[in-house]
Amino acid sequence: MKLYYMPTTRAVRPRWLLEEMEVPYELVRVDKTMTQQPEYQKLHPHRKVPILVDGEVTIFESAAICAYLADKYLDKGLAPRLDQAERGYYYQWLFYATSTLEPPVEHFMFDVLPSLPEKVIPMKARSAISKQEALQWFDRVAEPLRKSIDGNDYLVANRFTTADVVTGGVLLWAKKLGMLSDSDPLSKYINNLMQRPALIRADEDFYAKIAPSV
């Protein structure tokens with residue numbers, strides 16, 4: 001099994017999950033030169049990371065890779081079984097993280113990091129939403145998460161699952177960008193996740209970076 005990886009990207013999420021599972025895998029460190037090779041585009045049509053190659057299976061999209069791994073190694077207990085009621089909530093937060101929670105974080109990132117190349121995000125799109133509007137948007141979509149973790153450490157049945165990996169991956173970005181105040185309940189949630197040895201191994205570059213102030 002191979003995971004194509006760049007630090008500080010969405011590729012941290014499946015790497016974190018693999019570390020949690022303690023299953024053998026090969027980490028392929030990707031650079032921009034590699035992504036420009038024709039062979040790479042056969043793996044990912046947009047020349048991005050992550051990519052997981054598992055025998056005859058080659059898939060991209062971080063949440064899809066995480067869901068695939070959680071089911072492949074269901075015995076690791078990082079996803080509810082198909083016959084458990086919690087499976088519905090697991091799906092809910094798995095998809096909420098990438099489809100609803102992540103967009104305002106991305107927009108905020110584009111404003112904070114104006115050096116991002118045009119091919120990553122067009123200048124017109126960057127100016128469509130201000131930093132303050134992105135913060136307000138994020139605060140609104142984060143509210144259901146705050147309610148879900150009220151009195152809990154984790155999102156689904158108060159036990160650590162792949163939904164926490166994917167959601168935590170988005171919130172790690174928010175934390176790095178200074179979008180979470182210390183008083184936000186989500187700060188306690190993400191700080192708890194950051195203590196996990198598997199995440200420390202997977203996000204090896206996080207602790208060397210200082211989040212900008214809002």
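Any value given below was found using the heavy atoms of this structure, including those in side chains, with hydrogens, waters and symmetry copies removed.
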- Query: Can you tell me how far the NZ atom of K72 sits from the CG atom of L52, to the nearest 0.5 Å?
  - Reply: 9.0 Å
- Message: Under a 3.5 Å distance rule, please check whether S187 uses its side chain to pair with a backbone N or O of S181 as donor and acceptor.
- Response: yes
- Which atom names give the shortest non-hydrogen contact between D164 and L155, and what distance separates them? OD1-N, 3.2 Å
- Are any of the side-chain heavy atoms of P185 and D150 separated by less than 4.5 Å? no
- Message: Please give me the minimum heavy-atom distance between V166 and A97, naming the atom from each residue.
- Response: CG1-CB, 3.9 Å
- Message: Could you check whether atom CG of D182 has more than 12 heavy atoms from other residues, nucleotides or ligands sitting under 6.0 Å from it?
- Response: no
- Task: Identify, with sequence neighbours excluded, every residue that meets ring pair (Phe, Tyr, Trp, His ring centres under 6.0 Å) alongside F160.
- Result: Y154
- Message: If I take atom CG from residue L186 and atom CG from residue N192, how far apart are they, to the nearest 0.5 angstrom?
- Response: 12.5 Å
- Message: Quick one: does any side-chain atom of S99 pair with a main-chain N or O of F95 as donor and acceptor, under 3.5 Å?
- Response: yes
- Item | Test item: side-chain donor near acceptor, N152 and Y189, under 3.5 Å | no
- Message: I need the H44 NE2 to T58 OG1 distance, nearest 0.5 Å.
- Response: 12.0 Å
- Has Y89 got more than 12 heavy atoms of other residues, nucleotides or ligands less than 6.0 Å from its OH? no
- Give a yes or no on whether the backbone of R140 and the side-chain of E143 come within a donor-acceptor separation of less than 3.5 Å. no
- Item | Residues forming a ring pair (Phe, Tyr, Trp, His ring centres under 6.0 Å) with Y96, sequence neighbours excluded | W93
- Task: Determine, for R81 against D71, whether the closest basic-nitrogen to carboxylate-oxygen distance falls under 4.0 angstrom.
- Result: no
- Can a salt bridge be assigned to the pair R146 and D139 using a cut-off of 4.0 Å between side-chain N and carboxylate O? yes
- Determine, for E19 against K76, whether the closest basic-nitrogen to carboxylate-oxygen distance falls under 4.0 angstrom. no
- Task: Give a yes or no on whether a salt bridge exists between D153 and K188, defined as a side-chain N under 4.0 angstrom from a carboxylate O.
- Result: no
- Item | Check: M34 main-chain N/O paired with R47 side-chain donor or acceptor under 3.5 Å | no
- In sequence, state the C-alpha distance, the side-chain angles, and the governing distance for M179 and F108, and then conclude on side-chain contact (heavy atoms from CB on, under 4.5 Å). CA-CA 9 Å; M179 299 177 74; F108 186 87; 3.6 Å; yes
- Query: Taking T162 for the side chain and L78 for the main chain, is one N or O donor matched with an acceptor at less than 3.5 Å?
  - Reply: yes
- Item | Test item: R15 and L27 side chains (from C-beta on) under 4.5 Å apart, heavy atoms | yes
- Message: For the residue pair R10 and W16, would you count it as a cation-pi contact if the rule is NZ or CZ under 6.0 angstrom from the ring centre and within 45 degrees of the ring axis?
- Response: no
- Query: Transitively linked via ILVMFWY side-chain contacts under 4.5 Å: M194 with L145?
  - Reply: yes
- Message: Under 4.5 Å between side-chain heavy atoms, counting indirect links through other Ile/Leu/Val/Met/Phe/Trp/Tyr residues: same cluster for L94 and L17 or not?
- Response: yes
- Correct closest heavy-atom pair for M6 and T9 would be O-OG1, 2.6 Å
- Contact summary for F138 and L101, nearest pair of heavy atoms: CE1-CD1, 3.7 Å
- Checking H46 side chain against K48 main chain: does a donor-acceptor pair fall under 3.5 Å? no
- Note on the structure: Value for CD (E133) from CH2 (W137), rounded to nearest 0.5 Å, stands at 10.0 Å
- Task: Give the minimum heavy-atom separation between P144 and V141, together with the two atoms involved.
- Result: CD-O, 3.3 Å
- Task: Please confirm whether the backbone N or O of K32 pairs with a side-chain atom of T35, one donor and one acceptor, at under 3.5 Å?
- Result: yes
- Is any side-chain heavy atom of L199 closer than 4.5 Å to a side-chain heavy atom of L172? yes
- Item | same_hphob_cluster(V57, L43) at 4.5 Å side-chain heavy-atom cutoff | no
- Message: Using the rule that Ile, Leu, Val, Met, Phe, Trp and Tyr join whenever any side-chain heavy atoms are under 4.5 Å apart, tell me whether V53 and V30 fall into a single cluster.
- Response: yes
- Item | Separation of L135 CG from H107 NE2 (nearest 0.5 Å) | 13.0 Å
- Side-chain heavy-atom pair Y68, D54 within 4.5 angstrom cut-off: yes
- Message: Do Y4 and Y40 make a side-chain contact, defined as non-hydrogen atoms from C-beta onward lying under 4.5 Å apart?
- Response: yes
- Are any non-hydrogen side-chain atoms of K175 and N191 less than 4.5 angstrom apart? yes
- Task: Decide whether L74 and I59 are clustered together by the hydrophobic rule: side chain heavy atoms of Ile, Leu, Val, Met, Phe, Trp, Tyr closer than 4.5 Å, transitively.
- Result: no
- Item | Minimum side-chain heavy-atom gap I190-L180 below 4.5 Å | yes
- Can you tell if the side chain of L3 reaches within under 4.5 Å of the side chain of V28, non-hydrogen atoms only? no
- Message: Under the criterion side-chain contact (heavy atoms from CB on, under 4.5 Å), I'd like the reasoning laid out for R87 against V156: C-alpha separation, chi angles, the key distance, then a yes or no.
- Response: CA-CA 9 Å; R87 186 80 179 193; V156 180; over 6 Å; no
- Message: Under the criterion side chain to side chain donor-acceptor pair (under 3.5 Å), I'd like the reasoning laid out for R29 against Y5: C-alpha separation, chi angles, the key distance, then a yes or no.
- Response: CA-CA 5 Å; R29 293 183 177 272; Y5 168 88; 5.1 Å; no
- Task: Give a yes or no answer on whether the side chain of D203 reaches the backbone of V12 with a donor-acceptor pair at less than 3.5 Å.
- Result: no
- R13 with E20: basic N within carboxylate O range, under 4.0 Å: no
